[in-house]
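As structure tokens, the structure follows; a few thoughts come after it.
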Number of protein chains: 2
Amino acid sequence: MTLKLDKVNRGPHLSTLVASSISREIAQGRLKPGDQLPTEQALATTFGVSRNVVREAIARLRSEGRIWSQQGRGAFVTDANNPTVLTIDYEALQRADSFRSLFELRGILEVQAAALAARRRSDADLAAMGEALAGMRAAPYGSVAWLRSDLEFHRSVAAATRNTYMGQFLVFVSERVRESILAAGNQQKSDDMARITLGEHERILAAIRASDAEAAQMAMRDHLAGAALRVGLHESDAVAEPAPVPEAASPVRHSRLRKAIRKQAAG
Amino acid sequence: MTLKLDKVNRGPHLSTLVASSISREIAQGRLKPGDQLPTEQALATTFGVSRNVVREAIARLRSEGRIWSQQGRGAFVTDANNPTVLTIDYEALQRADSFRSLFELRGILEVQAAALAARRRSDADLAAMGEALAGMRAAPYGSVAWLRSDLEFHRSVAAATRNTYMGQFLVFVSERVRESILAAGNQQKSDDMARITLGEHERILAAIRASDAEAAQMAMRDHLAGAALRVGLHESDAVAEPAPVPEAASPVRHSRLRKAIRKQAAG
DNA sequence: TAAATCAGGGTTGTATGATAACACGACAAG
DNA sequence: CTTGTCGTGTTATCATACAACCCTGATTTA
């Protein structure tokens, strides 16, 4: 048997600890928006570390948008909640309303992406989509290869929009959705589903190939509606079928750690 | 291969530039997942900065999950190309095509948000929008107060969608757009603009108040087209065409599904 | 009197050198 | 072949110094 040691016993860097500590101060309101942080030297002495470590911590918080600093003046807590990075809490996604929100957002992006792709796609884009579709045909429904090809199809649609951020955002959102679905583990598989899903993709590709933006939108919308059904969401208020909801044995990846950190922050 | 540090020395910190540069290497595939980065000393010399700056940049990339480092070994590109955070490169936004992409993405989100808001807005939402509009009326065009009220208006529209992530994403994207516009500083102001912009907002609010999703879409689309003109974008395809919004339901009140998922999460 | 200028201290940004902690391979001893 | 030791390279941290910049207040000037 193989030992399963904790992958990262790597003690957190001092800068991480300092950053967490400052972050906690902000979260708990002891440092209010607009407040000026102590000077780097002061922080260094109070934490018992070098000013260098403090600077790395501040650099991190600054990159997260929590604080901003100006040479010659000091560092301040950001007034508006204006993060420069966008994160999605894994745990929050376990709640149905959050999941629905994200799914809806994904739908908006995908549908518009399909329309843009229909207008701007190149032959290379079409080839990439076709290849991804072939990959889906070759793989069993729901397998890792199938999922990868599915993702690849949507990624190539996003790429065909010629909009860098569209691809970035879409991949980001889709990944979160996919993770959440995998964690729920209530996907039911059947050969019918494979056929139906493939058909949906083919219609999308056909519309994009024909440069028919409206048709591409519709096809993508249908596809997402179908996908929603397949994962147990329904567009109407009613839940379609009580999803078989058992065992989610190993889904939570970092939740324990996150919980621990949050507890620390709360204390 | 020193990059043009001298040119952009002012503004963002050196560590930001270094982080952007490394980040770009990863994004463009010159640094593949699993690859080891050059040593800090090597990076410092190639970039022409101190090792300290390189360390701050690496600390930032590490906090973003792009790379991982271990004492005594080196820094490596994270295997999974599945970032848990979404960031927008500051440098890239200075390029016109990137800016246009982001503006387009913002348009897609805003237009669809307007439609959703028209369907789901509450009286409180309407009040918030009206208040923001009043703030714009009271402030001189382009002033800080005006910009804040403008942002507040769009924020309250996003809030009215009842979609948490819609608000998060929209605020995130809008902030990046706004920053970029401020950095460019090529905004020309006039009283006419104030009147026109106010009128655009009023039409949006009226449509949302009337629960007319299509009109809200159109109004928002007009507004964004006008905004594009005002900041010097004249490509008409910078704003996506309005699209039929999927029949979407209120994201709340799915007790069965929610219960099921909660059960899963608990197990 | 009022405005402009300038000097000084305080703070962040960057550079530089040094030391400790750690990983890894080479190499000799058993 | 295994084990222990050592040397080298890298990251993590420390310490110090200087540059760039902001702010304030005194001083000078109109």
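The figures here come from the full heavy-atom set of this structure, side chains too, leaving out hydrogens, waters and symmetry mates. Treat the numbers as computed from the prediction; the structure is a model and nothing was measured. Lettering of chains follows the sequences in order, A, B, ..., and the numbering in each one begins at 1.
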Would you mind reading off the distance between [X] atom [atom1] and [N] atom [atom2], rounded to a whole angstrom?
| X | N | atom1 | atom2 | answer |
| --- | --- | --- | --- | --- |
| A/Leu43 | D/dC14 | CG | P | 14 Å |
| B/Gln71 | D/dG9 | CD | C1' | 12 Å |
| A/Glu56 | C/dT14 | CD | P | 14 Å |
| A/Leu14 | C/dC22 | CG | P | 12 Å |
| A/Trp68 | C/dG13 | CH2 | C1' | 15 Å |
| A/Arg55 | D/dT13 | CZ | C1' | 15 Å |

Salt-bridge contact A/Glu152-A/Arg148 (side-chain N to carboxylate O under 4.0 Å): no
Ion pair B/Glu200/B/Arg230, N-O distance below 4.0 Å: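 Counted as a salt bridge, because a side-chain N and a carboxylate O are separated by less than 4.0 Å.
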Touch class at under 4.0 angstrom, heavy-atom based, for A/Ile58 against every strand present: nothing
Touch class at under 4.0 angstrom, heavy-atom based, for A/Gln70 against every strand present: sugar-phosphate
Spatial distance of atom CD (A/Gln41) from atom OG1 (A/Thr46) [nearest 0.5 Å]: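 These two atoms lie 10.0 Å from each other.
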With a 4.0 Å limit, can you tell me whether [X] has a side-chain N or O closer than that to the phosphate oxygens OP1/OP2 of [N]?
| X | N | result |
| --- | --- | --- |
| A/Ser50 | D/dC14 | yes |
| B/Arg73 | C/dC22 | no |
| A/Ser69 | C/dG13 | yes |

Presence of donor-acceptor pair under 3.5 Å, side chain of A/Arg51 and base of C/dG13: yes
Earlier contact from the 5' end, DNA chain C, for A/Asn52 and A/Arg62: A/Arg62
Aromatic plane relationship, B/Phe169 with B/Tyr165 - under 30° parallel, 30 to 60° tilted, over 60° perpendicular: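 B/Tyr165 and B/Phe169: perpendicular rings.
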Whether B/His201 and B/Trp146 hold their rings parallel, tilted or perpendicular, with breakpoints at 30° and 60°: perpendicular
Position toward the 5' end of DNA chain D (nearest nucleotide), A/Gln41 or A/Gly72: A/Gln41
